[in-house]
Amino acid sequence: MGVGFLDKFENGVERAVNNAFSRVFRSELKPVELTSALRRELDDRAAVLGRDRTVVPNEFTIELSPGDYDQIEAWGAETLADEFAREVTDHAASQRYAFVGPVTVSFSEDPALESARFRVHSATVRGAVAPAAATNPTPRHPLLVVDDQRYILTGEVTVIGRGSEADIIVDDPGVSRRHLEIRVTPDGVIATDMGSTNGLYVEGHHVPAATLLDGNTLMIGRTRILFWTGGEPDPDE
């Protein structure tokens, strides 16, 4: 994973990024302050649920003054939110925290806040998938590696496709909007083609559905999906 521009900002090695932020955050609000606040929120809200499982919030809202909010919107709130979400995920991995749903960061405005003041609110919201972070896969919560992105399945049913309504969205023109369903059942994990145009291939075989085994490779369009229920996948796979 490459170094994000927030890392560069913190390390002071990217003058252009520094200048860009100085133009956006005219109010003295610094991205590093927001990053630190998000990390503190994870640490403060971490809930130990077991010897090897500490769950942290996965949905974050950053409240800003109207002026700061307008500047972030003008600069590109979605891009900045994605970077903050990456920072949250990286921090969770470093601390071996677990998520129960996808990580999202959004911005809102509060007229009562003065310039450069902000608040962070968080919630733990269960979803179908979560960033793998440091969570180890299990038969109940398998790991999928999709285009080098690692996901832990936290719900019973996960839909993979090109459409925005999918739980895991892939950028592949050969994949249908709702292409593949992964269902975790007491009898195993079942992959089912959802009537896609190009079908589902498991270990090279075109199948309508299959009960997955540890280490299986699935193909939808040109997208390869690796399935694991235990251990760590070989990075060279």
Compare all side-chain heavy atoms of I190 with those of L212 and state whether any distance is below 4.5 angstrom.
-> no
Pairwise side-chain contact, S108 with L64, heavy-atom cut-off 4.5 Å (strictly under) | no
If you count the non-hydrogen atoms of other residues, nucleotides and ligands that lie under 6.0 Å from CZ in R45, is the total more than 12?
-> yes
Do you know which two heavy atoms are closest between L200 and L218, and how far apart they sit?
-> CD1-CD2, 4.0 Å
Give the minimum heavy-atom separation between T124 and P57, together with the two atoms involved.
-> OG1-CA, 3.4 Å
Give a yes or no on this: more than 12 heavy atoms of other residues, nucleotides or ligands lie within 6.0 Å of atom CD of E78.
-> no
Would you find a donor on one side and an acceptor on the other, under 3.5 Å apart, between the side chain of N216 and the backbone of F227?
-> no
Using a strict 4.0 Å threshold on nitrogen-to-oxygen distance, state whether E165 and R177 make a salt bridge.
-> yes
With a cut-off of 6.0 Å (strictly less than), are more than 12 heavy atoms of other residues, nucleotides or ligands near CD of E156?
-> no
Report the C-alpha distance between T229 and D214 in whole Å, list the side-chain angles of each, state the deciding distance to 0.1 Å, and finish with yes or no for side-chain hydrogen bond (donor to acceptor under 3.5 Å, both in side chains).
-> CA-CA 6 Å; T229 59; D214 205 34; 3.2 Å; yes
V55 side chain near F99 side chain, heavy-atom distance below 4.5 Å | no
To the nearest 0.5 Å, tell me how far T79 OG1 sits from I72 CD1.
-> 12.0 Å
With distance as the sole test, does N198 use its side chain to make a donor-acceptor pair with the main-chain N or O of G221 at under 3.5 Å?
-> no
Name the one of T158, L153, T154 that satisfies side chain to side chain contact (heavy atoms under 4.5 Å, CB included) with D167?
-> T158
Going by atom types only, do E41 and S122 share a side-chain donor-acceptor pair under 3.5 Å?
-> yes
Sidechain-backbone polar pair: R162 side chain, V175 backbone, donor-acceptor under 3.5 Å | yes
Say whether, by atom type as modelled, one donor and one acceptor occur between the side chain of S176 and the main chain of R178 under 3.5 angstrom.
-> no
Could you tell me which non-hydrogen atom of V157 sits nearest to which non-hydrogen atom of A128, and how far apart they are?
-> O-CB, 3.5 Å
Ring geometry between H91 and Y97 (parallel below 30°, tilted from 30 to 60°, perpendicular above 60°) | perpendicular
N-O pairing of R39 and D43 below 4.0 Å = no
Can you see which heavy atom on V202 is nearest to which on A210, and at what distance?
-> CG2-CB, 4.1 Å
Kindly say whether G155 contributes a backbone atom to a donor-acceptor pair with the side chain of H141 at under 3.5 angstrom?
-> no
Strictly by modelled atom types, are Y69 and D110 linked by a side-chain donor-acceptor pair under 3.5 Å?
-> no
Measuring from M219:CE to L180:CG, what's the distance to the nearest 0.5 Å?
-> 12.0 Å
Classify the side-chain pair S65/D68 by whether it contains a donor and acceptor separated by less than 3.5 Å.
-> yes
